[in-house]
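Shown next, in structure tokens, is the structure this report addresses.
So that the names make sense, note that chain A is the first sequence line, chain B the second, and so on, each numbered from 1. Here the structure is a predicted model, which means the values were calculated and not measured.
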Amino acid sequence: MNRVAVVSHSTTKFSLEDIPVEGLLVSAARPIFENTRNLSQNDVDVVLVSTNDNKKYLSAIVSELTGISPKISHSVESLCNSGANAVISAYSYIQAGLADVALVVGAERLDSPGQVLEWDVSRGELKHPIFWASMFAKAHKRKFGTTDEQLAYVSAKNHKNAKDNPNAYQPKEFSINDVMNSKKVTDDLRLLDCSRPCAGSAAVLLASEREAKKFSDTPVWISGVGQKTTSASFTKNDLTSIQSTVDAAEQAYRMAGIEPAQIDVAEVHDAFTICELMILEGLGIVPAGKAANYAIDLYNTGSRKINPRGGLIGSGHPLGATGIAQIAEIACQLEGGALRRQVNSAGIGLVHNMSAAATSSSVLVMNP
Amino acid sequence: MSVFETGLKKGRFVVGQCSKCQKIAWPPNDFCSGCFGSLLWRDLKQPGTLLEHSQKDGRKFCIVEFERAVKIMGVLIEDVEPTIGQNIQLANCGFDKSPRFEFSVVPEVN
Ligand SMILES: [Zn+2]
């Protein structure tokens, strides 16, 4: 089997700036060429773009603006999960032998059309993500006794981690009290329980085993991949577990030959604090109902194992860039280059990216 | 415009039931997603049961399940503290850019 590695990555500063999506995309692609040894435009066989932006033909535009004439070039859109999906698509081209080197670039503007899934009529007029997230939160509280204070630890932890992430939208520490005293958006979630949309971009360069060492002494291999879409309607979900995550994780672990207990560092899709708890349970990192106390332990011990760059809550959530920024962070951790965010002796990393009220999930297992 | 949307605009919640396998097509569809059979459209059977609820700006919102197939989110129009599993009625529905569902509690009969 052709192994595939992440050999370079970049993330731009997340912001609220009004930048055209083409500009966001190339600002993540340019550092890949500036910072990767031996890389020229002629090496790149694949250019994929991850975004929910309505503009067309963006992968060809990015290719032209960066001087690449790729064999394979197209966009990938699947709401918040676009980034991981695009990387898995590029992985598949290389793994299948159709390409050796792939550039995957993700970006989103602040005014992204991807924040609401109009199609889902089962949500009625309650389209904003806060409604489904509140249903998850209330159901988790009811089943497992999860408290608002426990949720607050997730937010405080991720904001604290983001303080050492120079690309986070607004790196700032918040205490448990700050989170608990933030505006109550619904009975079950506060303002600081939510990630916030922003503008931003990220890119990764993937290479086949044959080419990887040309570009990096520290390639990070993608050793497990899993994806699952259960439906497109929020209300079809069970309210206390995320089936798409359970299924995607099982595939990825089987492929990588690992158990969840072996994971040293993970970026997970904490669109809301409650999501992080349900994801950690779905990934099997903790048993069902135990993630809340686990998050408190992580906070109290200063562990950066879960969401070292601050996750979506700490960093901001530019939809099409998020999955790629997560993969860039785990690659950085496994290279040992995460500076103040570095998790010591990280050997196995995981990325979890999901979409549309948890109806689809992608999981990647990575190792040096 | 879909049969479902047309129904909502008249204040009626209609569901398509498969003429071959009897499965209810939810979300609304042009055919059965189980066996690709044709649908017969009819009114939703009341009441449903409450699955979960929360509150935003003093307005209670909830998920209600009808006929063990149709789960929808909407607003509870009464100022009561509902309980999970309670019988809930779709009191009003409509369509203006997006569907609108309003629920009320079914009074207990002794
Ligand atoms: Zn059928």
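When each of B:Lys60, B:Arg100, B:Glu65 is checked for heavy-atom pairs under 4.5 Å with chain A, B:Arg100 comes out on top. Of the residues considered (B:Phe61, B:Phe101, B:Phe95, B:Phe4), B:Phe61 shows the highest number of contacts with chain A, using heavy-atom pairs under 4.5 Å. Of the residues considered (A:Lys127, A:Lys236, A:Lys184, A:Lys138), A:Lys138 shows the highest number of contacts with chain B, using heavy-atom pairs under 4.5 Å.
Judged purely by distance below 3.5 Å, without hydrogens or angles, the side chains of A:Asp188 and B:Ser54 pair a donor atom with an acceptor atom.
Between atom CG of residue A:Asp238 and atom CG of residue B:Leu51 there is a gap of 10.0 Å, rounded to the nearest 0.5 Å. Between the CE atom of A:Met135 and the SG atom of B:Cys62 there is a distance of 6.0 Å, given to the nearest 0.5 Å.
Looking only at side-chain heavy atoms (C-beta outward), B:Val75 and A:Glu125 come within less than 4.5 Å of each other. In this structure, B:Gln55 and A:Thr186 have side chains that are not in contact, with every pair of non-hydrogen atoms separated by 4.5 Å or more. In this structure, A:Trp132 and B:Ile63 have side chains that are not in contact, with every pair of non-hydrogen atoms separated by 4.5 Å or more.
Contact record, A:Trp119 with B:Pro27: CH2-CG, 3.4 Å, taken as the closest heavy-atom pair. Of all heavy-atom pairs between B:Met73 and A:Phe131, the closest is CE-CB, 3.5 Å.
In this structure, the portion of B:Ile84 lying under 4.5 Å from any heavy atom of chain A is its side chain and not its backbone.
The neighbour count for A:Lys55 NZ, taken as heavy atoms of other residues, nucleotides or ligands under 6.0 Å away, is above 12. The number of heavy atoms from other shown groups lying within 6.0 Å of CG (B:Asp79) does not exceed 12.
Contact check on B:Glu52 versus A:Arg142 returns a salt bridge, with a Lys/Arg side-chain nitrogen under 4.0 Å from an Asp/Glu carboxylate oxygen.
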